[in-house]
There are 2 protein chains.
Amino acid sequence: MAKTTMSDVARQAGVDVSTVSRALNERTAGMLRSETVEKVLAAAADLGYQPNVLARGLRTQRSHTVGMVLPDLTNPFFPPIVRGLEDALEVGGYTLIVANTDNDARRERRALHSLVGRQVDGLVVATSHIDGDEGAAAVGGLPVVLVNRRGTDPTIPAVVPDDDAGVALAVRHLLDLGHRRIGHVAGPADTSTGRTRAEAFARITGDAGVHDPSWVEAAHIFGVEDGMAACERLLERHPDLTAICAANDLLAIGSLRALRAAGRRVPGDVSLVGFNDMPLVDLIDPPLTTVRIPQYEMGRQAGELLLQLLEQPRPRRQRKPVAVTPELVVRQSTSAPA
Amino acid sequence: MAKTTMSDVARQAGVDVSTVSRALNERTAGMLRSETVEKVLAAAADLGYQPNVLARGLRTQRSHTVGMVLPDLTNPFFPPIVRGLEDALEVGGYTLIVANTDNDARRERRALHSLVGRQVDGLVVATSHIDGDEGAAAVGGLPVVLVNRRGTDPTIPAVVPDDDAGVALAVRHLLDLGHRRIGHVAGPADTSTGRTRAEAFARITGDAGVHDPSWVEAAHIFGVEDGMAACERLLERHPDLTAICAANDLLAIGSLRALRAAGRRVPGDVSLVGFNDMPLVDLIDPPLTTVRIPQYEMGRQAGELLLQLLEQPRPRRQRKPVAVTPELVVRQSTSAPA
DNA sequence: CTGAAAGCGCTTACAG
DNA sequence: CTGAAAGCGCTTACAG
């Protein structure tokens, strides 16, 4: 049951391995007589030959593998991105290897290192702790695309949600309902999404003449526990708030818990808007009003960008982040203030 | 910025590449003078040398890569399994490549094929359509372990939830609450979990003298839509039921929708128990009573089993599936019948 | 149109 | 203790 190799096929077809290689490669099959090609194909099929991708990669200096670093696959936000990415990469014949970093800078560095050791041809980075530049350095000039975050290096392409538009959707919805005392449970200040959304919130509420920065309270990480704590702090400072806009759904869920623990009903006493529209948030109690980010689409676009970089490595140039358009999903966690 | 190779290190250290190889490998470093080893280590560190895992794999005939096929990463049941698996495999220096099959037999076959082409050293199979035997054949005798399902070939190790115990927990809970007219929204009959749980349900309710097989209605796939349809059929046949035990949480959520659509309150009119305790089911309305499967733990154990097979390929032998112990999580979707 | 040779970056018997 | 050689399974100039 030893694995069939190209020389097995060559022997069976009565040709040289180089001929087998040519016959099996679409681009080079044309230089062979069609009978030869058929002979080889038949032998290959007969033996159930499966090319050794590693050996090919060693020779061609391309592993046809792409690495992705993300904080945690267990966060339901990421799997759709991964699927979109895979689907896009598949058309170029690339396989994805995913590494979890648990928001730990050291693990992140290790993961990057290990992926480079596995000879990935490119990288997709969805983590927040390693800066684009530093990452690029660690990575030895490999093509990189960022997803769901912006880097500081403008030559590194990024695919991000249009956070400004998303926050505007959420805040506008609350304003339209009649809310004026609106708090923001923000994401970590060391993440680009956290910062961008907080800034958008401040700007939009400021423009609407609503209030000051004390209405923003940042969590340390994008998690339920942290959202709960941040919401508690916000409630302490502004017990009279009537609405909360959270920087993602996990923070919203944490806020929901904090509100419940404080005896506030949602949306009776406080309206709540999330961000992302994760799977299952339509099933929580109450079904969460949120801003939907097209995750699969973000992954797909990131994959296509990377594919471009992989196939035609052009000189780096400035590029604006690709912003995918969010959409407000009104469910039952928001209503007019009492 | 070309990648540093072993011969770069050799040149810098003034030794042969074979010496570099020996110095960098713990097992062989002992045959070298410690000064030599240090010289090499210094050169490697200096150049930021990163071994080429592909080249090593080609030579040693081990890619140190493991493939996993699962239906859909987007199903929150799987990510914790993946993480457990990765954590277990990491200690052996293995990297995991995950392939989604969307419950499609053709995609499944293709994925398996592609993973074998990538020279994976072993496989973890969490899909249901390809039988263990067939899979093993497709895979050319590679070590395989099944997770969350049983195969028909008893020499292939499997890690599964203890479904009998889990269903017993669920049914016992409903019986204890006083329910007697209990339906089962079963999983697909062509999956081992679907079948096993349905059989357990029938046996346990039978033993309790409760009722007959007409109280079981199977979905075609483990999904919300299908659960809804199956529950509707069940309601039609048994409009007087007071409790439903679903074969997984997605089916439970579908059942919840069907019950709502039929004007039944949960748990007021009908109690509902899920299976798995997926992330976020504690947040749905009402918080779902369910049977918790230790997913991470299943993944971890599968990883350890595979590691054993990988490190010491013994002759195949019969083995009982490893059954991980479930746990009842009582929340608010169950109560005594009206 | 096809074969023989070299080489991708490693590891590992084989010498010395 | 270390070097030189062969070879893992491919691809691709180079001949012919």
Side-chain angles (χ1 to χ4, degrees), chain A residues 2-41 43-44 47-65 93 114 116-121 140, chain B residues 2-41 43-44 47-65 93 114 116-121 140:
Chain A
K3 224 162 262 180
T4 316
T5 73
M6 208 168 241
S7 53
D8 298 326
V9 178
R11 195 173 319 114
Q12 165 119 346
V15 297
D16 188 78
V17 292
S18 56
T19 301
V20 174
S21 174
R22 291 187 189 103
L24 262 29
N25 184 328
E26 295 203 337
R27 227 186 47 259
T28 50
M31 33 173 89
L32 265 34
R33 284 185 5 227
S34 58
E35 308 151 43
T36 310
V37 174
E38 272 156 33
K39 196 164 56 180
V40 172
L41 258 33
L47 296 170
Y49 171 67
Q50 173 84 350
N52 182 330
V53 180
L54 266 54
R56 175 186 297 159
L58 180 58
R59 175 60 227 239
T60 60
Q61 302 286 52
R62 317 214 79 193
S63 66
H64 276 270
T65 296
S114 142
V116 172
R118 291 217 104 87
Q119 309 302 115
V120 296
D121 296 330
Chain B
K3 223 161 265 182
T4 316
T5 72
M6 208 168 240
S7 52
D8 297 326
V9 178
R11 195 174 320 113
Q12 165 118 347
V15 297
D16 187 78
V17 292
S18 55
T19 302
V20 175
S21 173
R22 291 187 188 102
L24 262 29
N25 183 328
E26 295 203 337
R27 228 187 45 259
T28 50
M31 33 173 88
L32 264 34
R33 283 184 6 224
S34 59
E35 307 152 43
T36 310
V37 174
E38 272 158 33
K39 197 164 56 179
V40 171
L41 258 34
L47 296 170
Y49 171 67
Q50 174 84 349
N52 182 331
V53 180
L54 265 54
R56 174 187 297 160
L58 180 58
R59 175 60 227 238
T60 59
Q61 303 286 51
R62 318 213 78 193
S63 66
H64 277 270
T65 296
S114 141
V116 172
R118 290 230 165 243
Q119 310 301 116
V120 296
D121 296 331

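Convention: sequence-line order gives letters A, B, ...; per-chain numbering from 1.
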- prompt: Applying a 3.5 Å limit to both distances, which nucleotide forms a Watson-Crick or G-U wobble pair with C:dA4?
  reply: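 Because no pair has both required distances under 3.5 Å, C:dA4 counts as unpaired.
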
query: In the strands shown, is C:dA13 matched to any nucleotide by a Watson-Crick or G-U wobble pair with both distances under 3.5 Å, and which?
result: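 Pair assignment: C:dA13 / none.
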
Would you say a side-chain N or O of [X] is under 4.0 Å from OP1 or OP2 of [N]?
X       : N      : result
B:Thr36 : D:dT2  : yes
A:Thr60 : D:dT11 : no
B:Tyr49 : C:dG9  : no
B:Arg33 : D:dT2  : yes
A:Thr5  : D:dC8  : no

- request: Answer yes or no: side-chain N or O of A:Arg22 and base N or O of C:dG3 forming a donor-acceptor pair under 3.5 Å.
  value: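 Answer yes: a donor N or O sits under 3.5 Å from an acceptor.
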
Counting the atoms with a prime plus P, OP1 and OP2 as sugar-phosphate, which does [X] contact under 4.0 Å by heavy atoms, base, sugar-phosphate, or nothing?
X       : value
B:Ser7  : nothing
A:Asp16 : base
A:Val53 : nothing
B:Arg27 : sugar-phosphate
B:Ser21 : base
A:Thr28 : nothing

Rounded distance (Å) that lies between atom [atom2] of [N] and atom [atom1] of [X]:
X        : N      : atom1 : atom2 : answer
B:Leu32  : D:dC1  : CG    : P     : 8 Å
A:Gln61  : D:dG9  : CD    : P     : 19 Å
B:Arg11  : D:dG3  : CZ    : C1'   : 16 Å
B:Met31  : C:dG16 : CE    : P     : 18 Å
A:Asn25  : D:dG9  : CG    : C1'   : 15 Å
A:Arg56  : D:dG9  : CZ    : C1'   : 11 Å
B:Arg118 : D:dG9  : CZ    : C1'   : 15 Å
A:Lys3   : D:dC8  : NZ    : C1'   : 13 Å

Can you name the closest pair of heavy atoms from [X] and [Y] and give their distance?
X        : Y       : value
A:Asp121 : A:Arg62 : OD1-CA, 3.5 Å
A:Leu47  : A:Thr4  : O-OG1, 3.3 Å
A:Ala13  : A:Val40 : CB-CA, 4.2 Å

- request: To the nearest 0.5 angstrom, please state how far the CZ atom of A:Arg33 sits from the OG1 atom of A:Thr19.
  value: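 If we round to the nearest 0.5 Å, A:Arg33:CZ and A:Thr19:OG1 are 10.5 Å apart.
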
- prompt: Got a second to check how far B:Met6's CE is from B:Asp16's CG, nearest 0.5 Å?
  reply: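 B:Met6 atom CE to B:Asp16 atom CG measures 10.5 Å (nearest 0.5 Å).
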
field: Nearest-nucleotide comparison on DNA chain C, the residue closer to the 5′ end among A:Thr19 and B:Val17
entry: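 Checking each residue's closest nucleotide, the 5'-ward one belongs to A:Thr19.
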
query: Closest to the B:Arg59 side chain: D:dC8, D:dG3, D:dG9?
result: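 Ranking D:dC8, D:dG3, D:dG9 by closest atom to the B:Arg59 side chain puts D:dC8 first.
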
query: Is it the case that B:Thr65 and A:Arg118 place a side-chain donor and acceptor less than 3.5 Å from each other?
result: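 There is such a pair (donor and acceptor under 3.5 Å, judged by atom type) between the side chains of B:Thr65 and A:Arg118.
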
field: 5′-ward residue of the pair B:Ser18/A:Ser18 relative to DNA chain D
entry: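 Going by which nucleotide is closer to the 5' end, it is B:Ser18.
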
